[in-house]
Asks: 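Next up is a structure, given as structure tokens.
For the single chain, residues carry numbers from 1 onward in sequence order. Computation of the quantities below employed the complete heavy-atom set of this structure, encompassing side-chain atoms and omitting hydrogens, waters and symmetry-equivalent molecules.
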Amino acid sequence: MNKFLRLINNVITSNVDGGYESEPVRKAVTINLFSFIGLFFMFFYAVESYFNNNFKHALILISFAIFTIFLFLFLRKTKNYVVASHALILVMIFLEVYLLVTGGDNNTGILWLYIFPILCLFTVGVRTGIIYIIFILSFIMIIFYLEPSFAAKYNPVLKSRFLSTFIAVTFIAITFEFVRQKTYNELMESNNKKTFYLNKVMDQQKEIILQSEKLKKANKELALHYNHLENLVRERTKELEIAKEKAEESDLLKSAFLANMSHEIRTPMNAIIGFSSLLVDPEADEKLKEEMTIHIKQNINSLLKLIENIINISTIEAGQIETKIARVNINDLLEDIHEDFKNSFNTEKINFIYENEFTRNTVETNTDSNHLYSILSNLLDNAFKFTEIGEIRYGFRKYTENKDPYLQFYVKDTGIGLDKEQQVQIFNRFTKAVNSKKKLYRGAGLGLAICKNLVKLLGGKIWVESQPDYGSVFMFNIPFDNSEIKEKTIDYKKVSFNEYNWKINKY
């Protein structure tokens with residue numbers, strides 16, 4: 001439903017910038033609505049005229065309808081509602097002059113003229129709109145009272161009633177537009193005054209903050225003259241309190257991590273043991289055995305993935321991980337990943353797409369293929385875990401930053417998404433971004449921490465762009481180097497636990 005409403009909003013506003021209270025959007029909506037209504041009636045009467053053998057009338061109406069379509073496309077392309085407004089009015093003038101002269105079906109063509117004042121006044125304003133209205137009204141009166149031979153003949157009573165009604169509609173439209181413009185101008189003036197006073201208040205706040213900073217600086221300078229021993233005792237006491245808090249938080253985090261590990265290990269183990277017991281049941285049919293075999297395989301893979309992540313994060317923090325740089329064919333690596341995940345996950349409800357814009361060219365770079373595979377596997381595993389239905393896309397591109405070439409990889413999903421706070425914390429160890437109260441997601445919160453360390457090890461960086469309920473895009477880059485090299489090994493610097501921010505690492 002939201003996608004449908006966004007589509008309707010996109011069509012009637014022609015993507016003109018601003019809210020519905022702004023003049024450009026209001027004019028664009030008015031132009032488009034008149035265009036759509038006119039299109040409907042022009043096509044309807046064109047078809048009716050065609051079946052009544054009035055081919056000329058049908059052809060002219062179709063021509064005006066096609067021009068109106070081009071006018072809509074012009075507004076959508078240029079977002080110039082001023083030109084579009086005048087063009088639409090000119091189209092209506094030609095159409096209504098034609099209908100006035102020919103009479104239309106049973107001399108009812110003049111009824112189209114009732115919308116002309118509203119169209120003019122709502123799209124180009126009161127002053128310019130009145131000029132157009134006077135022009136068309138003058139032409140109507142000429143046709144009515146001179147009654148040229150080429151024009152249709154109208155009943156005198158119809159003429160007088162039409163003119164009086166047309167003038168009444170014009171005055172009503174002028175009143176509405178005049179009141180709207182006055183109201184809009186008053187609101188704009190009020191907003192401008194509010195903005196002016198708000199800016200003054202902000203300037204005063206800046207001055208207060210500046211004075212506050214000066215006072216703080218003066219207080220700091222005065223504090224330097226306090227008793228040195230008292231300051232030293234206070235600092236040591238504060239350090240001890242911080243150390244105590246960190247130790248307590250560390251114990252809580254470790255306990256929670258162990259409890260989480262116990263759950264994450266016992267869950268697949270219970271499933272493996274349970275389904276294995278049922279698998280040997282002689283009364284179970286073959287279809288049920290196949291389903292149990294699939295569940296066993298999935299839980300084994302989940303357990304292996306968990307163990308692999310624990311080993312990887314332990315290896316990284318111990319400083320024992322090595323990086324073997326060698327020539328890697330990126331096309332082949334990503335195709336292998338696609339086959340592995342396609343065979344391992346149920347892709348009936350998820351459209352799993354590998355986007356490769358280099359199908360005709362082989363892209364090779366010097367990097368560690370195992371680390372690159374691990375990074376993409378962890379990102380894709382998360383995408384499948386948090387996406388129940390929709391699509392998952394991944395691929396890469398080349399780009400240059402500060403004259404240095406890079407490869408940028410991405411994994412895009414339509415899953416549950418992340419809010420701003422989760423996007424900051426998600427790459428920390430033991431962090432699980434779970435924003436669903438209806439489903440408990442597996443995992444120990446280690447995958448993205450591993451990705452972050454491996455990407456850093458390869459000389460790149462990783463980041464995420466996401467919106468809750470609309471999905472996420474995880475991106476990372478690595479240097480692009482296709483020079484001839486001999487295989488080499490890079491040592492990994494051990495991660496210090498003192499660098500870890502325990503306070504924001506909550507799961």
Asks: For a 4.5 angstrom cut-off between non-hydrogen side-chain atoms, does Leu458 reach Ile375?
Replies: yes
Asks: Going by ring-ring contact (aromatic ring centres under 6.0 Å, His included), name the residues that satisfy it together with Tyr354, two or more places apart in sequence or in a different chain.
Replies: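 Scan of Tyr354 (ring-ring contact (aromatic ring centres under 6.0 Å, His included), adjacent residues dropped) gives Tyr394.
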Asks: Side chain to side chain contact (heavy atoms under 4.5 Å, CB included) for Asn370 and Lys324? Distances and angles first, verdict last.
Replies: CA-CA 9 Å; Asn370 292 329; Lys324 294 183 178 180; over 6 Å; no
Asks: Looking at side-chain heavy atoms only, is the closest gap between Leu372 and Leu333 below 4.5 Å?
Replies: yes
Asks: Do other residues, nucleotides or ligands put more than 12 heavy atoms under 6.0 Å from Phe358 CZ?
Replies: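 Counting neighbours around CZ of Phe358, more than 12 heavy atoms of other residues, nucleotides or ligands fall under 6.0 Å, so yes.
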Asks: Are side-chain heavy atoms of Lys412 and Ile392 found at a separation under 4.5 Å?
Replies: no
Asks: Show the nearest heavy-atom pair for residues Tyr132 and Cys120, with the distance to one decimal.
Replies: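 For Tyr132 versus Cys120, the nearest heavy atoms are CB-SG, 3.7 Å.
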Asks: Nearest heavy-atom pair of Val411 and Ala383: which atoms, and what distance?
Replies: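 Heavy atoms of Val411 and Ala383 come nearest at CG1-CB, 4.1 Å.
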Asks: Once you round to the nearest 0.5 Å, how far does NZ of Lys452 lie from CD1 of Ile426?
Replies: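 With rounding to 0.5 Å, NZ (Lys452) is 11.5 Å from CD1 (Ile426).
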Asks: On a heavy-atom basis, which atom in Leu418 and which in Gln422 lie closest, and how many Å separate them?
Replies: CA-OE1, 3.4 Å
Asks: Using 0.5 Å steps for rounding, measure from the SG atom of Cys451 to the CZ atom of Phe427.
Replies: 8.0 Å
Asks: Mind listing the closest non-hydrogen atom pair of Gly417 and Ser472 along with its distance?
Replies: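 Shortest heavy-atom contact: CA-OG, 3.5 Å.
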Asks: Could you give the distance from CE (Met202) to NZ (Lys206), rounded to the nearest 0.5 Å?
Replies: 5.5 Å
Asks: Locate the shortest heavy-atom distance separating Thr414 from Glu391; write the atom from each residue and the value.
Replies: OG1-N, 3.1 Å
Asks: Quick check for you: to the nearest 0.5 Å, what is the distance between Asp203 atom CG and Leu198 atom CG?
Replies: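 Asp203 atom CG to Leu198 atom CG measures 9.5 Å (nearest 0.5 Å).
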Asks: Report the distance from atom CE of Met475 to atom CD1 of Ile462, rounding to the nearest 0.5 Å.
Replies: 9.5 Å
Asks: Quick check: closest heavy atoms across Asn331 and Val363, and the distance to 0.1 Å?
Replies: OD1-N, 2.8 Å
Asks: Walk me through whether Asn382 and Phe474 qualify under side chain to side chain contact (heavy atoms under 4.5 Å, CB included).
Replies: CA-CA 10 Å; Asn382 274 352; Phe474 284 87; 5.6 Å; no
Asks: As a test of understanding, state which of Thr387, Ile350, Leu380 forms a side chain to side chain contact (heavy atoms under 4.5 Å, CB included) with Asp413.
Replies: Thr387
Asks: Is it true that, when you exclude Glu421 itself, more than 12 heavy atoms of the residues, nucleotides or ligands shown sit nearer than 6.0 Å to its CD?
Replies: no
Asks: Is a side-chain donor or acceptor of Asn477 paired with a backbone partner of Lys461 at a separation under 3.5 angstrom?
Replies: yes
Asks: Donor-acceptor pair, Asp381 side chain versus Ser377 backbone, under 3.5 Å?
Replies: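 Checked: no pair found.
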Asks: For Leu407 and Lys398: C-alpha separation, side-chain torsions, deciding distance, then whether side chain to side chain contact (heavy atoms under 4.5 Å, CB included) applies.
Replies: CA-CA 5 Å; Leu407 290 178; Lys398 294 180 182 178; 3.6 Å; yes
Asks: Going by the side-chain hydrogen bond (donor to acceptor under 3.5 Å, both in side chains) test, name the single residue among Glu355, Gln408, Glu357 that passes it with Arg397.
Replies: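 The single option meeting the side-chain hydrogen bond (donor to acceptor under 3.5 Å, both in side chains) with Arg397 is Gln408.
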Asks: What pairs with Ser85 under side-chain hydrogen bond (donor to acceptor under 3.5 Å, both in side chains), at least two apart in sequence or on another chain?
Replies: none
Asks: Taking only residues at least two apart or on different chains, which pairs with a member in residues 400-422 satisfy ring pair (Phe, Tyr, Trp, His ring centres under 6.0 Å)?
Replies: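 Output for this query lists Phe396-Phe409, Tyr399-Tyr406, Phe409-Phe476.
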Asks: Between Leu454, Ile325, Val455, which is the residue that forms a side chain to side chain contact (heavy atoms under 4.5 Å, CB included) with His371?
Replies: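 Single side chain to side chain contact (heavy atoms under 4.5 Å, CB included) partner of His371 among Leu454, Ile325, Val455: Leu454.
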Asks: So, taking the atom named CG in Asn366 and the one named CG in Asp481, what distance separates them when rounded to the nearest 0.5 Å?
Replies: 4.5 Å
